[in-house]
Amino acid sequence: SARTYGSGAVSGLINIITKTGDARKTFLSTEAGDYSLFNNNLMLSLPIGKSFHNLSFSSIESGSSGSYINNTAFDKTTFFYKYSLKDGKTKTNFSYGYLKKGNQISNYLQNTFPRQYEANTTQFINSKILWDFSSNKFESNTYWYDHTNKLAYDSNVGGWNAYYNTELGLNFNINSNTKRGYRKTSFTFNREINSNSIINDYIRDNYSLTYQKVLIGEKIDFDYGLSSNYYRDIGWFTSPGYQVSYNINNNANVYHKYDNGFRLPSFYEMYANDYMYSGDKTLKNESSNAFEYGIQIYGPAIRITASQYYKNSTNVIDWNKQNSVSWKSVNVSNVLSSGHNIQLELYPELMNKFNFIQIFELGYSYLDIDHNGNSNNYRNISNYLKHQFILSTTYTLPFGINRSWYIRYEQPINHDNRIIFDTQIQYSFWRLETSLNVNNLFNVQYEDVSNVALPGRWMRISLRYNF
């Protein structure tokens, strides 16, 4: 993935593709639940001539009069605006977002620091223009991002540790269709400016040029690419990769892919300076070679995916526990990750059997991590899920009621096994939608981090009115 997305995409990424936002959709919703949870949302969509305007506002808070454990209250406010205009072969988008969040912290230091608190604000502006010339599509993207994070060991005393991050950048893409597939070329410039109490205006400039070519054949598809990146404070990095797949028939294929990835130490990993974390400015860059093999079977009512992967990483950046209070960023010279994943999706209503079941999903994943570090107290590579089984389904009950279940069995490497049940009941009539959500239905007590309890049963009920 680094061949396309650069530093940080050392093993994979989550590609979130949002809707275009040009559908007329206006609603008002409210939600209430356990632990003093209140969540209110407003969404306005308004077409004016050839332009379209989206405006949303949300406010959520929990724990103002009691939390699932001490010092876990939080509040969050978000605002978003998007303007879009389509004129012939040109489409223009402009968006602005704002987020303000505050949350109390309950962790392994709860007995020492019972009133820890974190507050952050984020703003961004994004401007995008797309030109569609049939076989060639051009896209330019300009953005600004600003984030402030403050951390205090005691919210009553103050003494905030503050971190500031600003990014400015532009991106230009060319997507072209070819006789046997397509190709994509892109150029990106990004300037990242970071500051904290000991470093002011640490600047990292990045110039990136990527090329990707996809060849589509009758039986074999081949995808290859290269990303070349220059960082002003680090130097040059190049990441190649490829994927080849063989189509057994119209409903099945086998594939293999390889990616060479890299990750630079972040400003926080180099210069963290607060009561919990300390950075190391001498950190080395992380690199990896990842291999994956798999098979996919798909049709209108079924999809099966099975894959096996292996990743060899050098100089992995992680946090090592120094004592009962603090963590320090370190390099682990060699880390081997391997595992496999199986996923099954069924749509019984399309099979004309058990028509009341809309979807049934079953998944299993296994992960093993081996390293040559001199500690067993790394924050990430020492804490992961060894086994995970997931079962989920959505089905229709009488009177148009929909019911969903999400069940997961998890076996962490350092904690007790657990089975968690989540469920939702949803009903719509006229312009109203209502739902009841229950997370951790059987109130299982469990931890992902030692001595930090996660929420037990959490019930929420919501009501939404569509205009």
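Note that the numbering runs from 1 along the sequence shown for the chain. Treat the numbers as computed from the prediction; the structure is a model and nothing was measured.
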Subject >> Pairwise distance CG(Asn120) to CG(Asn103) - rounded to 0.5 angstrom >> reply: 7.5 Å

Original post:
Does Glu31 reach the main-chain N or O of Ile461 with its side chain, forming a donor-acceptor pair under 3.5 Å?
Top reply: no

Original post:
For residues Arg379 and Tyr277, is any side-chain donor paired with an opposing acceptor at under 3.5 Å?
Top reply: yes

Original post:
So, Ser288 and Ser313: side-chain donor and acceptor under 3.5 Å apart, yes or no?
Top reply: no

Original post:
Side chains of Tyr364 and Gln343: do they bring a donor and an acceptor to under 3.5 Å?
Top reply: no

**OP:** Compute whether any side-chain donor of one residue and acceptor of the other, for Glu345 and Tyr347, lie under 3.5 angstrom apart.
**Re:** yes

Original post:
How about Ile199 and Phe267: do any of their side-chain heavy atoms sit closer than 4.5 Å?
Top reply: yes

Subject >> Stepwise side-chain hydrogen bond (donor to acceptor under 3.5 Å, both in side chains) check, Asn402 with Gln358 >> reply: CA-CA 9 Å; Asn402 290 318; Gln358 300 172 26; 2.9 Å; yes

**OP:** Please find out if less than 6.0 Å separates the ring center of Tyr153 from that of Phe113.
**Re:** yes

Original post:
Would you say the side chain of Lys281 lies within less than 4.5 Å of the side chain of Tyr271, judging by non-hydrogen atoms?
Top reply: yes

Original post:
Does a donor on one side chain sit under 3.5 Å from an acceptor on the other, for His387 and Tyr409?
Top reply: no

Original post:
Between the side chains of Tyr258 and Asn289, is a donor N or O closer than 3.5 angstrom to an acceptor N or O?
Top reply: yes

Original post:
Regarding Arg464 and the six-membered ring of Phe27, is the cationic atom NZ or CZ under 6.0 Å from the ring centre and inside 45° of its axis?
Top reply: yes

Original post:
Any donor and acceptor pair, going by atom type alone, linking the side chain of Asp259 with main-chain N or O of Gly261 inside 3.5 Å?
Top reply: no

**OP:** Tell me, with the steps shown, if Ser435 and Ser462 meet side-chain hydrogen bond (donor to acceptor under 3.5 Å, both in side chains).
**Re:** CA-CA 5 Å; Ser435 65; Ser462 66; 2.6 Å; yes

Subject >> Side-chain donor/acceptor of Ser208 to backbone N/O of Asn229, under 3.5 Å >> reply: no

Original post:
Between the side chain of Ser266 and the main-chain N/O of Glu269, is any donor-acceptor distance below 3.5 Å?
Top reply: yes

Subject >> 4.5 Å side-chain heavy-atom contact, Ile304 and Ile302 >> reply: yes

Subject >> Contact check, side chains of Leu264 and Tyr231, non-hydrogen atoms, under 4.5 Å >> reply: yes

Original post:
Can you find a heavy atom in the side chain of Ile407 that is under 4.5 Å from one in the side chain of Ile390?
Top reply: no

**OP:** Assert yes or no for the condition that the ring centre distance of Phe94 to Tyr83 is strictly below 6.0 Å.
**Re:** no

Original post:
Are any of the side-chain heavy atoms of Phe421 and Val438 separated by less than 4.5 Å?
Top reply: no

**OP:** Taking atom types as modelled, find out whether Asn41 and Asn39 have a side-chain donor-acceptor pair closer than 3.5 angstrom.
**Re:** yes

Subject >> Nearest-0.5 Å distance, NZ of residue Lys76 to OG of residue Ser59 >> reply: 10.5 Å

Subject >> Side-chain donor-acceptor pair present, Trp405, Tyr395, cut-off under 3.5 Å >> reply: yes

Original post:
Quick check: are there more than 12 heavy atoms from other residues, nucleotides or ligands sitting under 6.0 Å from NZ of Lys321?
Top reply: yes

Subject >> Between Asn285 and Ser287, a side-chain donor and acceptor under 3.5 Å >> reply: no

Original post:
Is a donor on one side and an acceptor on the other found under 3.5 Å between the side chain of Asn161 and the backbone of Lys150?
Top reply: no

Original post:
Is a side-chain N or O of Arg457 found less than 3.5 angstrom from the main chain of Leu441, in a donor-acceptor match?
Top reply: yes

Original post:
What distance separates Phe79 CZ from Tyr81 OH, expressed to the nearest 0.5 Å?
Top reply: 9.0 Å

Subject >> Step-by-step side-chain hydrogen bond (donor to acceptor under 3.5 Å, both in side chains) determination, Thr314 to Asn334 >> reply: CA-CA 5 Å; Thr314 57; Asn334 203 329; over 6 Å; no

**OP:** Classify the side-chain pair Ser307/Asn341 by whether it contains a donor and acceptor separated by less than 3.5 Å.
**Re:** no

Original post:
How about Phe291 and Tyr293: are their ring centroids closer than 6.0 Å?
Top reply: no

**OP:** Could you point out which residue of Thr210, Asn206, Asn171 forms a side-chain hydrogen bond (donor to acceptor under 3.5 Å, both in side chains) with Thr188?
**Re:** Asn171

**OP:** Determine whether the side chains of Tyr275 and Gln116 contain a donor N or O and an acceptor N or O closer than 3.5 Å.
**Re:** yes

**OP:** Return yes when atom CZ of Phe399 has more than 12 non-hydrogen atoms of other residues, nucleotides or ligands closer than 6.0 Å, and no otherwise.
**Re:** no

Subject >> Whether Asn126 side chain and Tyr96 backbone form a donor-acceptor pair below 3.5 Å >> reply: no

Subject >> Atom pair OG/CZ of Ser62 and Arg460 - distance to nearest 0.5 Å >> reply: 10.5 Å

Subject >> Donor-acceptor side-chain pairing of Asp146 and Thr166 below 3.5 angstrom >> reply: yes

**OP:** Could you tell me whether the side chain of Phe389 reaches within less than 4.5 Å of the side chain of Leu362, counting heavy atoms only?
**Re:** no

Subject >> Check: Arg408 side chain, Ser392 main-chain N or O, donor-acceptor pair, under 3.5 Å >> reply: no

Original post:
Between Asn194 and Glu192, is any side-chain donor less than 3.5 angstrom from a side-chain acceptor?
Top reply: yes

Original post:
Would you say Asp368's side chain and Ser338's backbone share a donor-acceptor pair under 3.5 angstrom?
Top reply: no

Original post:
Does Trp319 have its ring centroid less than 6.0 Å away from the ring centroid of Tyr378?
Top reply: no

Original post:
So, Ser106 versus Gln104: side-chain donor-acceptor pair below 3.5 Å or not?
Top reply: no

Subject >> Distance-only side-chain donor-acceptor flag, Asn417 / Glu410, under 3.5 Å >> reply: no

**OP:** Give a yes-or-no answer on whether the side chains of Arg204 and Asn190 include a donor-acceptor pair shorter than 3.5 Å.
**Re:** no

Subject >> His256 side-chain N/O to Glu292 backbone N/O, donor-acceptor pair under 3.5 Å >> reply: yes

Subject >> Donor-acceptor side-chain pairing of Tyr163 and His147 below 3.5 angstrom >> reply: no

**OP:** Kindly indicate whether the side chain of Met276, heavy atoms from C-beta on, has any atom under 4.5 Å from the side chain of Leu151.
**Re:** yes

**OP:** Could you grab the distance from atom OH of Tyr384 to atom CD of Gln411, nearest 0.5 Å is fine?
**Re:** 10.5 Å

Original post:
Do you see a donor-acceptor pair shorter than 3.5 Å between the side chains of Asp318 and Asn380?
Top reply: yes

